Every structure is written in C-alpha cells, then in structure tokens.
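Here the structure is a predicted model, which is why all the values come from computation and not from measurement. Naming: A, B, ... by sequence-line order, numbering from 1 per chain.
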2 protein chains.
Amino acid sequence: MDQQQLFVKMGLANWNTQIARAEKVFNAFTDEQFYTAIAPGKNRIIYLYGHLAAYHDALKETLGLGKASSPELYEVFLKNADNGNAESPSLTELKNFWQSVHAELNELFVNLPATEWFKRHNAMTDEDFENDPSRNRLSVLLNRANHVAYHIGQVNLVKPFVA
Amino acid sequence: MDQQQLFVKMGLANWNTQIARAEKVFNAFTDEQFYTAIAPGKNRIIYLYGHLAAYHDALKETLGLGKASSPELYEVFLKNADNGNAESPSLTELKNFWQSVHAELNELFVNLPATEWFKRHNAMTDEDFENDPSRNRLSVLLNRANHVAYHIGQVNLVKPFVA
C-alpha cells in the first residue's frame, strides 16, 4: 500500500464510521419517533435524515463523480429549515433514498483510484487548487464526515423508544 | 511538499476548522448562558466546554506527545455526565484551561514532523498497528475532529444572547 492509498483508507474509514453511526442512530427510532423534534422548536429527526441524504446526494456532484439523483429535494432539505412541509417525501421514500445514495457513494468511493482523491473538487477553480492542493476531494470527504457527526450529536438527544 | 506533509496539512486544517468553530460558538455566549442546558434535561453548555477541553488535554497522552495538565478533571468531565457538580472549576478557570490546552496542542502539532503523524498512537499495540497502519496518530485527530463537530451540533441548539 503506498502513501496515497493509506491516506485514502484513513479518509474512507473516517467517513464510513460516521455513516455507520448515523444509520445505527436513525434506525433505532420507530417510524413515529422520526417526527419528534430534537429539542423544542428545533428540526425533527426526519428532517435531519433527509437533510443528510440530500447533502450526500449532492456530494457526488461536488466531487465531480456523478449526478445527484434527486435534486428536487434540495428545496425541502438543503435550502430551507424544517417547517413541517407537506411536500416532504414519506419516511419510506426517504429510507429508500438514504439507502440508494449511500450505496451509490460507496460504489463510487471503493472504485476511485487513490490518485483521483487528491485532485480538485468541483467547488474549486484550477487556480485555487494550484495554490492549495490540500483542498481536494478527500478534504471534502473529511469535511462531510464532520457534518454527519454534527447532526448525530443532535439526533442523539432523543432517546429511542424502548418497549 | 511531499505526500505525507500534504495529508498532515489536510488533517490539521480539518482539526483547526473544528476548534475555531467551537471557539466561535462558545465565545458567543454570555457567562450566564454557559449554565444553560442544550435541551431540557441535557448537558449544560459549560459541561460540554469542559468536556471538550478535558478530552483534548487527554489527547496529548493518547497521541504519546505529552502529559495531561489536569487529569483531575477527567472525573467531572469525562467519566460522569453533567450533574450540576459543585466540584467543577469556575467558568474563568475553564476558559483558561481551554486556552492553554489548545495552545499547547497547537504548539505540539505544528512542530511534529509529518512522518511522526503516521506512527501508532498509545491506545494501540505494536501488533495491531502492524496489521493496520491506517490507525495512526493522524486518524485519531480525524476522529477527535468529528467528536468536536458532534458537540458543536448540540451547543448550536442554544441561540446566543443578543442585546
């Protein structure tokens, strides 16, 4: 394993840990609990679930690795805060969406050669990248893992229902 | 800049971003607000502030780079949840503690040669590390950055007082 491959392994392990943790946290809730707010007047669990899935759907485009499958969800889950919007997909639809987004990302990630991770992402110009090659695809992935952790911390404030 | 240096730069930037963000979030609160719970019945802001500072004080030892300056705080901030404990240091003391811990870490980090970041940390045996060299000091730092983000997500639920 060369050094680039080692770094990529570290970055992917870091990402996969957060995604696995998010799935464990969300999957512990009953369907009814998904509609609970994480704190009085704050986002509901279902909103944060859709928010993460939509953001990761967009991640394919940020990384320049594919097209978002459901950009119509940006409006509800990325551009607006939770407002009990009736236009949100059902929980079942969101669960399928979450699964397909993360399965697709996983497929893209495991097949991406290590050298590709160190190329620039689509939110950067060539000139910016030349000035700072540390801002590459892998650094975006590190950033997104922090973002997942940020919301797990919030969702974890709600204790799953135990019968 | 060689590849190891590049990856260290990415890891440190990722860590520094989260610490800077945490400081911005905490410093926006009045002293009185530090005693607010992030949600009903949950940890208070001051507890999470001390929790992060104490965990990062311990990080020096986990990385094998130094000794914790205040291990006596582990009991209040790492081994126990927030319980309004009277033995907690004052907010002023905690602010000094936060500053000194992060200043010391920063000093250690900027002076650590890139190759050192890819050595094993103290929570691992030599044998485990030989089997998986991706679990090194830098991977611990990535993990701790996620942990900071996790708690920022919670503290951000409290809106700072605006006069």
J.: Please report the closest heavy-atom contact between A:S134 and B:M10, naming both atoms and the distance.
T.: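 In terms of heavy atoms, the two residues are closest at O-CG, 3.3 Å.
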J.: Which heavy-atom pair separates A:G153 from B:Q154 by the least distance, and what is that distance?
T.: O-NE2, 2.6 Å
J.: Could you tell me which residues in residues 140-148 of chain B have at least one non-hydrogen atom under 4.5 Å from a non-hydrogen atom of chain A, sorted by residue number?
T.: B:L142, B:N143, B:A145, B:N146
J.: Can you run down the ring pair (Phe, Tyr, Trp, His ring centres under 6.0 Å) pairs that involve residues 59-79 of chain A, sequence neighbours left out, and say none if there aren't any?
T.: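 Residue pairs passing ring pair (Phe, Tyr, Trp, His ring centres under 6.0 Å), neighbours aside: A:Y47-A:F77.
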J.: Are B:L78 and B:V101 joined in one hydrophobic group, where the rule is that I, L, V, M, F, W and Y side chains link up if heavy atoms are under 4.5 Å apart?
T.: no
J.: Checking an interface table here. Which of residues 51-73 of chain A come within a heavy-atom distance under 4.5 Å of chain B?
T.: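 Heavy-atom contacts from residues 51-73 of chain A to chain B are absent.
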J.: So which part of A:Q4 gets closer than 4.5 Å to some heavy atom of chain B, the side chain, the backbone, both or neither?
T.: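 Both backbone and side chain of A:Q4 come within 4.5 Å of chain B.
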J.: Do you know the tightest heavy-atom contact between B:Q3 and A:F7?
T.: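 Nearest pair, atom of B:Q3 first, then A:F7: O-CE1, 3.2 Å.
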J.: Taking atom OH of B:Y150 and atom CG of A:N156, what is their separation to the nearest 0.5 Å?
T.: 3.5 Å
J.: Which of the residues A:N136, A:T17, A:N43 is involved in the greatest number of heavy-atom pairs with chain B at under 4.5 angstrom?
T.: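 Option with the greatest count: A:N136.
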J.: Is A:F97 reachable from A:I19 through a run of I, L, V, M, F, W or Y residues, each pair having side-chain heavy atoms under 4.5 Å apart?
T.: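 A:I19 and A:F97: one cluster.
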J.: Membership question, hydrophobic clusters at under 4.5 Å side-chain separation (ILVMFWY): are A:V25 and A:W98 in the same one?
T.: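 A:W98 clusters together with A:V25.
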J.: Is chain B contacted by the side chain of A:D2, its backbone, both, or neither, given a heavy-atom distance below 4.5 Å?
T.: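 Nothing of A:D2, per the 4.5 Å heavy-atom cut-off to chain B.
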J.: Just checking heavy atoms, which of residues 107-114 of chain B are less than 4.5 Å from chain A?
T.: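 Residues in range: none.
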